[in-house]
Amino acid sequence: MANARVVIIGAGFGGLEAAKTLKRAAADVIVIDRHNHHCFQPLLYQVATAALSPADIAWPIRHILRPQRNATVLMEEVHGINLQKKCLHTQYGDVHYDYLVIATGASHSYFGHDEWSEYAPGLKRIEDATRIRRSILIAFERAEVMQNQDQHRRLLTFVIVGGGATGVEMAGAIADVARQTLAADFRRIDPRSARIILVEAGPRLLPTFPSSLSSYALRTLTRSGVEVQTGTLVTKCDANGVDLKDGRIDAGTVIWAAGVTASPAVRWLNAEADRAGRVKVGSDLSLPGYPEIFVIGDTAAVADSEGQPVPGIAPAAKQMGKYVGKLIAARVAGREWQKPFQYMHLGELATIGRRAAVVKFGALELRGFVGWLFWSLAHIYFLIGLRNRFVVAFNWFWDYLTFQRGARLITDVSDGKGSG
Ligand SMILES: Cc1cc2nc3c(=O)[nH]c(=O)nc-3n(C[C@H](O)[C@H](O)[C@H](O)COP(=O)(O)OP(=O)(O)OC[C@H]3O[C@@H](n4cnc5c(N)ncnc54)[C@H](O)[C@@H]3O)c2cc1C
């Protein structure tokens with residue numbers, strides 16, 4: 001009998017874990033992704049702020065799955081699914097499946113204002129990170145050559161919208177770039193005069209962390225020169241800055257870290273979704289009525305044992321990928337599988353600049369330098385490949401000693417904002 005054909009869409013944290021778990025299954029595993037690389041999103045902000053290069057945090061999917069004989073990697077984009085014919089549509093044709101795992105992640109949500117994306121890029125892919133890096137570095141270069149004070153002020157104003165982990169990390173890192181890395185590199189401008197403004201609609205930063213750690217993050221950011229505005233709603237983003245509910249900030253660079261929405265899988269499946277557009281799945285992560293289709297990671301809406309939504313973070317996606325991989329392996333081997341998915345929350349981490357972090361890991365709460373050490377070791381551990389672990393660890397150590405960031409190249413000036 002022919003092997004079962006398991007098609008996995010998306011080689012992010014969830015999809016890769018599912019594929020690897022099926023290593024010994026009697027199945028042909030087809031992994032489809034529109035990119036040729038797996039991206040370690042938690043470190044994207046370091047690429048966006050020139051601390052790391054793209055290749056340090058991304059790996060070719062084909063290379064990761066090279067040792068797995070039953071896995072085939074196809075680089076193509078999925079546009080839709082025919083549930084009756086059990087096939088999905090890509091730009092190169094249809095792909096049939098016996099089992100389907102949808103792990104297509106999430107993208108930015110501009111709360112119904114997609115036109116803002118042009119002026120306030122979010123951080124999700126390598127391309128986003130290099131675009132933001134260009135924008136930040138070009139702002140300083142343009143300010144150095146501009147004569148007009150108003151233009152100076154606008155170019156050297158950076159607004160980050162959203163005070164979750166990504167917003168806090170971006171704000172802290174841009175402050176480091178302005179106050180330390182670039183401080184002595186310019187002659188006409190003083191990079192230390194840059195304004196970095198973190199705008200959060202809710203009452204506090206890092207809303208998913210304990211309030212003591214949120215307060216610590218606020219104090220640390222403020223000390224490093226970041227202006228934090230909580231309880232402040234952005235009502236519009238345009239080419240010259242942002243409108244707030246009460247006022248306006250002219251800025252050369254605006255970065256969006258405020259919201260996410262799931263991939264369009266819900267449309268492909270014509271399924272029920274939660275408010276973030278995530279597909280509501282059963283307790284075994286399958287699509288109701290379709291036991292051969294599973295939705296995992298940031299695309300899935302599922303509750304933990306206490307009825308709380310499983311968060312959109314990497315460990316959750318990996319746990320779902322592993323679960324679905326085991327379930328499918330059992331089914332293709334003719335074994336019964338009754339166990340529901342159970343999420344285990346391990347904790348949360350966020351850095352605040354180059355020497356501080358907050359960590360909530362079970363009962364353990366860390367902050368400051370100890371938190372940063374914990375954060376660094378955890379991220380190095382989860383990186384793929386010895387080379388990347390070594391390169392990233394060395395870069396951080398070097399940055400720690402010298403304040404320097406090695407990836408400060410502007411490779412495409414045409415695309416940078418801030419030319420005004
Ligand atoms: C800036 C940032 C920082 C983060 N920091 C942390 C952190 O510190 N800790 C943490 O735990 N989590 C963090 N997260 C969240 C974490 O990265 C996600 O929860 C996790 O990546 C979700 O995994 P996933 O497999 O569902 O999707 P993803 O990892 O996003 O993978 C989705 C994959 O699907 C592919 N894809 C999408 N659509 C298609 C299509 N139509 N056709 C083909 N392929 C497609 C994409 O190319 C991608 O490879 C962060 C996320 C971001 C954006």
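Not measured: the values here are computed from a predicted model. Atoms within a ligand are numbered from 1 in the order they appear, just like the ligands themselves.
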Undergrad: Among Thr21, Leu22, Leu285, find the residue that satisfies the side-chain contact (heavy atoms from CB on, under 4.5 Å) test when tested with Val324.
TA: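 Of Thr21, Leu22, Leu285, side-chain contact (heavy atoms from CB on, under 4.5 Å) with Val324 is met by Leu285 alone.
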
Undergrad: For Arg5 and His96, indicate whether the former's side chain and the latter's backbone hold a donor-acceptor pair under 3.5 Å.
TA: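 Yes, because the side chain of Arg5 sits within donor-acceptor range (under 3.5 Å) of the backbone of His96.
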
Undergrad: Quick test of your reading: applying ring pair (Phe, Tyr, Trp, His ring centres under 6.0 Å), list the pairs with at least one residue in residues 336-368, sequence neighbours left out, ordered by first then second residue.
TA: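 Non-adjacent pairs meeting ring pair (Phe, Tyr, Trp, His ring centres under 6.0 Å): Tyr323-Trp337, Tyr323-Phe341, Tyr343-His345, Phe361-Phe374.
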
Undergrad: Kindly write out the residues that satisfy side-chain contact (heavy atoms from CB on, under 4.5 Å) with Val332, not counting sequence neighbours, or none if the list is empty.
TA: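 Result, side-chain contact (heavy atoms from CB on, under 4.5 Å) vs Val332: Ala4, Ala25, Tyr99, Ile328.
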
Undergrad: Of all residues at least two apart in sequence or in a different chain, which pass the side-chain contact (heavy atoms from CB on, under 4.5 Å) check with Thr90?
TA: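 Counting only residues at least two positions away or on another chain, Thr90 forms a side-chain contact (heavy atoms from CB on, under 4.5 Å) with Glu76, Val78, Leu88, Tyr92, Val95.
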
Undergrad: Is a side-chain donor-acceptor pair under 3.5 Å present for Ser214 with Arg204?
TA: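 Side-chain D/A pair, Arg204 to Ser214: present.
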
Undergrad: Find all protein N or O atoms under 3.5 angstrom from an N or O atom of ligand 1 and list the pairs with distances, or write 'none'.
TA:
{"unit_1": "ligand 1", "atom_1": "11 (O)", "unit_2": "Ala314", "atom_2": "N", "d": "2.9"}
{"unit_1": "ligand 1", "atom_1": "12 (N)", "unit_2": "Ala314", "atom_2": "N", "d": "3.3"}
{"unit_1": "ligand 1", "atom_1": "17 (O)", "unit_2": "Gln41", "atom_2": "OE1", "d": "2.9"}
{"unit_1": "ligand 1", "atom_1": "19 (O)", "unit_2": "Asp298", "atom_2": "OD1", "d": "2.9"}
{"unit_1": "ligand 1", "atom_1": "19 (O)", "unit_2": "Asp298", "atom_2": "OD2", "d": "3.2"}
{"unit_1": "ligand 1", "atom_1": "19 (O)", "unit_2": "Gly312", "atom_2": "O", "d": "3.1"}
{"unit_1": "ligand 1", "atom_1": "19 (O)", "unit_2": "Ile313", "atom_2": "N", "d": "3.3"}
{"unit_1": "ligand 1", "atom_1": "21 (O)", "unit_2": "Gln41", "atom_2": "OE1", "d": "3.3"}
{"unit_1": "ligand 1", "atom_1": "25 (O)", "unit_2": "Phe13", "atom_2": "N", "d": "3.2"}
{"unit_1": "ligand 1", "atom_1": "25 (O)", "unit_2": "Gly14", "atom_2": "N", "d": "2.8"}
{"unit_1": "ligand 1", "atom_1": "26 (O)", "unit_2": "Asp298", "atom_2": "N", "d": "2.8"}
{"unit_1": "ligand 1", "atom_1": "29 (O)", "unit_2": "Phe13", "atom_2": "N", "d": "3.4"}
{"unit_1": "ligand 1", "atom_1": "30 (O)", "unit_2": "Gln41", "atom_2": "NE2", "d": "2.9"}
{"unit_1": "ligand 1", "atom_1": "41 (N)", "unit_2": "Val78", "atom_2": "O", "d": "3.0"}
{"unit_1": "ligand 1", "atom_1": "42 (N)", "unit_2": "Val78", "atom_2": "N", "d": "3.0"}
{"unit_1": "ligand 1", "atom_1": "44 (N)", "unit_2": "Arg34", "atom_2": "N", "d": "3.2"}
{"unit_1": "ligand 1", "atom_1": "47 (O)", "unit_2": "Asp33", "atom_2": "OD1", "d": "2.7"}
{"unit_1": "ligand 1", "atom_1": "47 (O)", "unit_2": "His35", "atom_2": "ND1", "d": "3.0"}
{"unit_1": "ligand 1", "atom_1": "49 (O)", "unit_2": "Asp33", "atom_2": "OD1", "d": "3.4"}
{"unit_1": "ligand 1", "atom_1": "49 (O)", "unit_2": "Asp33", "atom_2": "OD2", "d": "2.6"}

